[in-house]
Amino acid sequence: MKQRFLQLFSAACALSFLCVGSASANTRYVNVGLATGANNGTSWADAFQGVDGIQAGLAAAVAGDEVWVAQGLYKPTATTTRTISINLKSGVSILGGFAGTEATSAQRDFVAHVTIL
């Protein structure tokens, strides 16, 4: 009985390791100045667009994801309603300071590429 328990326990541990190991974080891209592309946030070329693009990026993100935001001014909505705010998500990182061409977050320069929320 003890041996069977150890076998099941070992199998469960191995399975949980595989499940955790296969999960990976995604990067969502946002660029207020972009006027072309798919507007789905999967790359700089297809980044979420517009002043409210950051809200779309956050809506698509899940815990562990990063939202990379290109330089520019971002608002919670494209309307003039001042009671709307940007809704952050737990476990989602928002990084600004991108020009919109970087491949790693280490390449961003938040002094040269100011991002304002």
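In this text the structure is predicted, and so the values were computed from the model without any measurement. As a basis for the values below, the full set of heavy atoms in this structure was taken, side chains included, without hydrogen atoms, waters or symmetry mates. We number each residue from 1, following the sequence as shown.
- Atom OG1 of Thr81 and atom NZ of Lys75 lie 11.5 Å apart (nearest 0.5 Å).
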Pair Lys89-Asn87, side-chain contact (heavy atoms from CB on, under 4.5 Å): steps then yes or no: CA-CA 7 Å; Lys89 271 192 178 175; Asn87 299 313; over 6 Å; no
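- Partners of Ala59 under the side-chain contact (heavy atoms from CB on, under 4.5 Å) rule, at least two apart in sequence or in another chain, do not exist in this structure.
- Judged as a side-chain contact (heavy atoms from CB on, under 4.5 Å), and not counting sequence neighbours, the contacts of Glu102 are Trp44, Phe98, Ala99, Gln107.
- Clustering ILVMFWY residues whenever any of their side-chain heavy atoms sit less than 4.5 angstrom apart, transitively, puts Val114 in a cluster other than the one holding Val111.
- A donor-acceptor pair is defined here as one N or O able to donate and one able to accept, closer than 3.5 Å; no such pair exists between the side chain of Arg108 and the backbone of Leu95.
- Shown here for Ser85 and Pro76, the closest heavy-atom pair between the two residues is C-CB, 3.3 Å.
- The main-chain N or O of Gln49 is found under 3.5 Å from a side-chain atom of Asn39 such that the two form a donor-acceptor pair.
- Grouped by direct or indirect side-chain proximity (heavy atoms under 4.5 Å, Ile/Leu/Val/Met/Phe/Trp/Tyr only), Ile84 sits alone.
- For the pair Thr27 (side chain) and Glu66 (backbone), a donor-acceptor distance under 3.5 Å is absent.
- Think of Leu58 as one node in a network of Ile, Leu, Val, Met, Phe, Trp and Tyr side chains linked at under 4.5 Å; its network also takes in Val30, Val32, Phe48, Val51, Ile54, Val67, Val69, Tyr74, Ile86, Leu88, Val92, Ile94, Leu117.
- Shown here are the side chain to side chain donor-acceptor pair (under 3.5 Å) partners of Thr42, two or more places apart in sequence or in another chain: Asn40.
- Thr77 pairs by the side chain to side chain donor-acceptor pair (under 3.5 Å) definition with Thr79, not counting sequence neighbours.
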